[in-house]
Amino acid sequence: MDTVKRPDKRAERSRRTREKVIKAARELFVAQGYGATSLQEVAERAGVAVQTVYFVFGNKRTLFKDVVDTSIAGDAEPVATMDREWFRDACAAPTAAGQLRAHVRGTREILGRVAPIMPMIAAAAANDPQIAAQWPAGPDPRYTVQHAAAEVLVAKPDAYPGLSAGTAADLLFGLLSPELYLLFVQDRGWSPDRWEEWACATLTAQLCTGARAGTDAPAHGGHDSGPPEGSR
C-alpha cells in the first residue's frame, strides 16, 4: 500500500519561527544598528522567547549573517545565486541583449533588498571584527556571480567580437554594484525602474554589437562605439 507523505508540521513551525526572527532582526538592525540591538529586543519584535532565538541561531553574529544571506537570496533556502531560477533563465537567453535584460532585472531585485542594509553591514563590521570573519576570505562572491554570467554572455552571437569574459565581468561588477545603485536610487532619487532601464541600456551599449543594441536599448547614442581599447 502506498504511503502518503504528510507535511512535517514541526519543521514548518521551525521555518516560520526562523523567518519571523530574521525579519525582526533585519528591521531592528537597520533602524537602530547592529550593536545597539539586543537579542531580547529581537525576540520581542518576533513574538518569541529569547531562549528560542539562542536555540535557533546561537548568538547575535550568526543571526546577523543570516539576515545578510537571506537579504541577498530573498529567502532562507540554501541555494546559491548561480543555481537560482532567475540566474539560470537569464543565462539561457539566446542573445546577449536578452541575457542582460533578465540579469539586470534579477540583480535589481537583489539590490533592492541588500542596498538598504549596506550601511548597517559596514558599521557592524567596523565595530565587531568577528562579523567579517564569518564570511570566508577569497574572491568577492558578487564578482564570482558576475564572471559566471559574463562567460555565458560573451559566447552569444550579439556580444562584441573579441570581448573577453574578464572585461564583461568588470563592467557587470561595477555598474551593478550596491554602491552605484544607492548613489542613483537613494542619493539622487531615481526610481528602481529608472535605474534598471539605465543599467540595462548602458551595459547593452558596452557589451552588445551596435545593430543588436540599437533594437534592445534606448537609442541615446554610444551603441556603435564598442568596448574601450585595451579591453582584456
Side-chain angles (χ1 to χ4, degrees), residues 18-46 50 53 56-81 84 86-87 103-147 149 169-200 202-203:
R18 188 180 190 88
E19 289 177 351
K20 285 195 301 182
V21 173
I22 290 174
K23 180 176 182 293
R26 175 188 166 98
E27 292 171 353
L28 289 169
F29 289 161
V30 170
Q32 58 191 39
Y34 168 79
T37 300
S38 70
L39 291 184
Q40 180 64 50
E41 290 175 299
V42 172
E44 291 172 358
R45 173 70 66 94
V50 70
V53 178
V56 174
F57 297 96
N59 56 55
K60 192 165 73 165
R61 293 187 184 98
T62 301
L63 174 57
F64 178 86
K65 186 175 187 300
D66 275 21
V67 167
V68 176
D69 289 347
T70 56
S71 294
I72 295 170
D75 56 48
E77 296 300 319
V79 180
T81 299
R84 296 212 164 238
W86 75 265
F87 186 87
H103 186 78
V104 172
R105 169 59 59 86
T107 302
R108 167 194 160 172
E109 293 179 358
I110 292 176
L111 291 175
R113 297 188 298 266
V114 173
I117 68 173
M118 291 296 291
M120 177 266 291
I121 295 173
N127 293 316
D128 186 347
Q130 293 186 51
I131 288 290
Q134 292 190 89
W135 284 272
D140 188 320
R142 194 171 65 79
Y143 183 82
T144 300
V145 171
Q146 303 298 4
H147 196 276
D170 287 348
L171 289 167
L172 291 171
F173 183 72
L175 289 175
L176 302 181
S177 68
E179 295 81 5
L180 199 57
Y181 178 88
L182 280 176
L183 177 66
F184 282 109
V185 175
Q186 179 174 288
D187 295 351
R188 302 308 310 155
W190 284 28
S191 69
D193 284 344
R194 184 183 179 191
W195 175 88
E196 181 183 339
E197 181 181 355
W198 169 81
C200 188
T202 303
L203 286 167

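Source: prediction; values computed, not measured. FYI, side chains are in, hydrogens and waters are out, and symmetry mates aren't considered; it's all heavy atoms of this structure.
Here the SG atom belonging to C200 is positioned 9.5 Å from the CH2 atom belonging to W195, to the nearest 0.5 angstrom. Rounding to the nearest 0.5 angstrom, the gap separating the CD1 atom in I110 from the CZ atom in R105 is 13.0 Å. Of the inter-residue distances, the one linking S38 atom OG with K60 atom NZ reads 7.5 Å to the nearest 0.5 angstrom. Atom-to-atom distance recorded for D170:CG and H147:NE2 is 8.0 Å, nearest 0.5 angstrom. L39 CG to E44 CD: the interatomic distance, rounded to the nearest 0.5 Å, is 11.5 Å.
Taking both residues in full, the closest heavy atoms of R26 and R113 are given as NH2-O, 2.9 Å, listed atom of the first, atom of the second, then distance. Of all non-hydrogen atoms in I22 and V67, the two that sit nearest each other are O-CG2, 3.8 Å. Between I117 and V68, the closest heavy-atom pair is CD1-CA, 4.3 Å. Listed here is the closest heavy atom pair of L203 and V104: CD1-CG2, 4.0 Å. Nearest heavy-atom pair, L63 versus A25, reported as atom, atom and distance to 0.1 Å: CD2-CB, 3.7 Å.
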Under 3.5 Å, sequence neighbours excluded: what are the donor-acceptor pairs made by side chains of residues 172-183?
from, atom 1, to, atom 2, distance (Å)
S177, OG, G174, O, 3.1
S177, OG, L180, N, 3.1

Can you give the donor-acceptor pairs under 3.5 Å from side chains of residues 28-35 to other protein atoms, not counting sequence neighbours?
from, atom 1, to, atom 2, distance (Å)
Q32, NE2, T37, OG1, 3.2
Q32, NE2, E41, OE1, 3.2
Q32, NE2, E41, OE2, 3.4

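Looking at D193 and R108, their side chains come closer than 4.5 Å, going by heavy atoms from C-beta outward. Residues W86 and T107 form a side-chain contact, since some pair of their non-hydrogen atoms from C-beta on lies under 4.5 Å apart. Contact of the M120 side chain with the F64 side chain is registered, since non-hydrogen atoms from C-beta on lie closer than 4.5 Å.
The aromatic rings of H103 and F87 sit perpendicular to each other, their planes meeting at more than 60°, with 30° as the lower class boundary. Between W190 and W198, the two ring planes are perpendicular [angle over 60°; tilted spans 30° to 60°].
Applying the side-chain contact (heavy atoms from CB on, under 4.5 Å) criterion to V56, with sequence neighbours excluded, gives R18, T52.
With hydrogens and angles disregarded, no donor-acceptor distance shorter than 3.5 Å links the side chain of T202 to the backbone of A199.
The environment of K23 atom NZ is sparse: at most 12 non-hydrogen atoms of other residues, nucleotides or ligands sit within 6.0 angstrom.
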